[in-house]
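Just so we're clear, the structure is a prediction, and the values are computed from it rather than from any experiment. Every number for a ligand or one of its atoms is a count from 1 in the order of the listing.
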Amino acid sequence: MSTRDRVLEALRTAAGAWVSGQALAEQLGVSRVAVGKHISALVADGYTIEAAHGTGYRLVDTPRLALPAEVRPLLRDPLWVCVEGAEQTASTNEDARTLARQGAHEGTVVVAARQSAGRGRLGRTWESPHGGAYVSAILWPRVAPWEVGPLALVVAIGIARGVASLGATVQLKWPNDVWMGGRKLAGVLLEMSAESDAVEWVVAGFGINVVRDEASVAAAAYLSDVVPSVSPAQAAAAALDGVASAYRQWLAQGFESLATEYGAIATLDGHPVTVRDVGGGIVASGVASGIDAHGRLLIDGDGGIVAVASGDVTLRDA
Ligand code: BTN
């Protein structure tokens, strides 16, 4: 935990009472000037902190944002060992990749309240204004690179479990989009490093639209539309705990054990679809007919049923 987070924790523990700068400095082993700088940074992040000369500081209000110090206390699953992040970053996936390369442990999480260069699948941008939950988790699945394919679906199932625990019912659009009421609620971006026969680390990144902001995406779904009181920090923590449960199930029992759950909330089944690759080339076309035990989309087309491992799906007119 950073010194800034420890300053915040000390103010939180005081439960609205005044804490002197000297007491904070002594407790944290830093100078009073350093305490003052951390207080200013917390105020810039959205915390309301009163300061009185000769008396000290008092925490008055906390921002409803997916900040590390707001997400950390809400997490229940022991997989999550460390929560890093900031009010704003370019991309939590990029930050998590850097930490993973530096040897950060499985269960390290990066969160942010907004991103300036959020990344989506297939090289797209992920708009990341205030009001969203932007999360990237480092995982170390002990599997071969060719076995990691279903993990994106596992993460989507985990997010669905998490938001269901908050009271929202969602659907999954293959491979790993989370939809609510016919609009996209959340997206998943997995990035990994692997040797020829073993995965070294995976960064499982996801963004959830939680509360509308003036910069929000008009056509998207927002969790607060159905769960009005939800905060981005609650959404991030619930989704992370859902991801941990689905991830553990996948490691222990394989994707077969999750396929029925996926199928029960899958949106594409029975619809005519086209799957395209990154360059826009058609991979398969036909009627979506469920997924197989590896999480591949089954397409019933002119040449029979084909299993597609990756791509972008669009619905076709029947
Ligand atoms: C998609 O295209 O649907 C995937 C979107 C993934 C966005 C998340 S937000 C947190 C993490 N950091 C990023 O830069 N991207 C992912």
**Message:** Between Glu84 and Val109, does the side-chain contact (heavy atoms from CB on, under 4.5 Å) criterion hold? Intermediate values first, please.
**Reply:** CA-CA 6 Å; Glu84 308 254 342; Val109 175; over 6 Å; no
**Message:** Main chain of Val210, side chain of Ser224: is a donor-acceptor contact present, judged purely on distance under 3.5 Å?
**Reply:** yes
**Asked** Are the side chain of Gln253 and the backbone of Trp250 linked by a donor-acceptor contact shorter than 3.5 Å?
**Response** no
**Item:** Residue part near ligand 1, for Val135, under 4.0 Å between non-hydrogen atoms
**Value:** backbone
**Request:** Check the side chains of Asp300 and Ser289 for a donor-acceptor pair under 3.5 angstrom, ignoring hydrogens and angles.
**Result:** no
**Request:** Could you tell me which atoms of ligand 1, counted from 1 in the order shown, lie closer than 4.0 angstrom to a heavy atom of Ser136?
**Result:** 11 (C), 12 (N)
**Asked** When you look at Glu191 and Arg119, which way does the salt bridge (Lys or Arg N to Asp or Glu O under 4.0 Å) test go after all the steps?
**Response** CA-CA 11 Å; Glu191 300 184 84; Arg119 297 205 304 254; 2.6 Å; yes
**Fill in**
protein heavy-atom neighbour closest to atom 9 (S) of ligand 1 works out as Gln115 NE2, 3.4 Å
**Asked** Can you tell me if Glu94 has a non-hydrogen atom under 4.0 Å from ligand 1?
**Response** no
**Prompt:** Applying a 4.0 Å heavy-atom criterion (strictly less than), which segment of Leu122 is in contact with ligand 1: side chain, backbone, both, or neither?
**Reply:** neither
**Asked** atom 15 (N) of ligand 1: which protein heavy atom is closest, and how many Å away?
**Response** Arg119 O, 2.7 Å
**Message:** Just checking Lys173: does its NZ atom have more than 12 heavy atoms from other residues, nucleotides or ligands closer to it than 6.0 angstrom?
**Reply:** yes
**Message:** Starting from atom 1 (C) of ligand 1, what is the nearest protein heavy atom, named by residue and atom, and what distance separates them?
**Reply:** Arg121 N, 3.5 Å
**Proximal atoms of ligand 1 relative to Gly118 (non-hydrogen, under 4.0 Å)** = 14 (O)
**Request:** May I ask you to say whether Asp312 pairs ionically with Arg276, meaning some side-chain N is under 4.0 Å from a carboxylate O?
**Result:** no
**Prompt:** Do Arg114 and Glu127 pass the salt bridge (Lys or Arg N to Asp or Glu O under 4.0 Å) test, and can you show the C-alpha distance, the side-chain angles, and the key distance before you say yes or no?
**Reply:** CA-CA 9 Å; Arg114 54 188 168 140; Glu127 297 298 335; over 6 Å; no
**Message:** Give me the residue, atom name and distance of the protein heavy atom closest to atom 10 (C) of ligand 1.
**Reply:** Thr92 OG1, 3.2 Å
**Message:** Checking a contact table here: which protein heavy atom is nearest atom 5 (C) of ligand 1, and how many Å away?
**Reply:** Trp126 CE3, 3.4 Å
**Request:** Considering only non-hydrogen protein atoms, determine which one is nearest to atom 3 (O) of ligand 1 and report residue, atom name and distance to 0.1 Å.
**Result:** Lys184 NZ, 2.6 Å
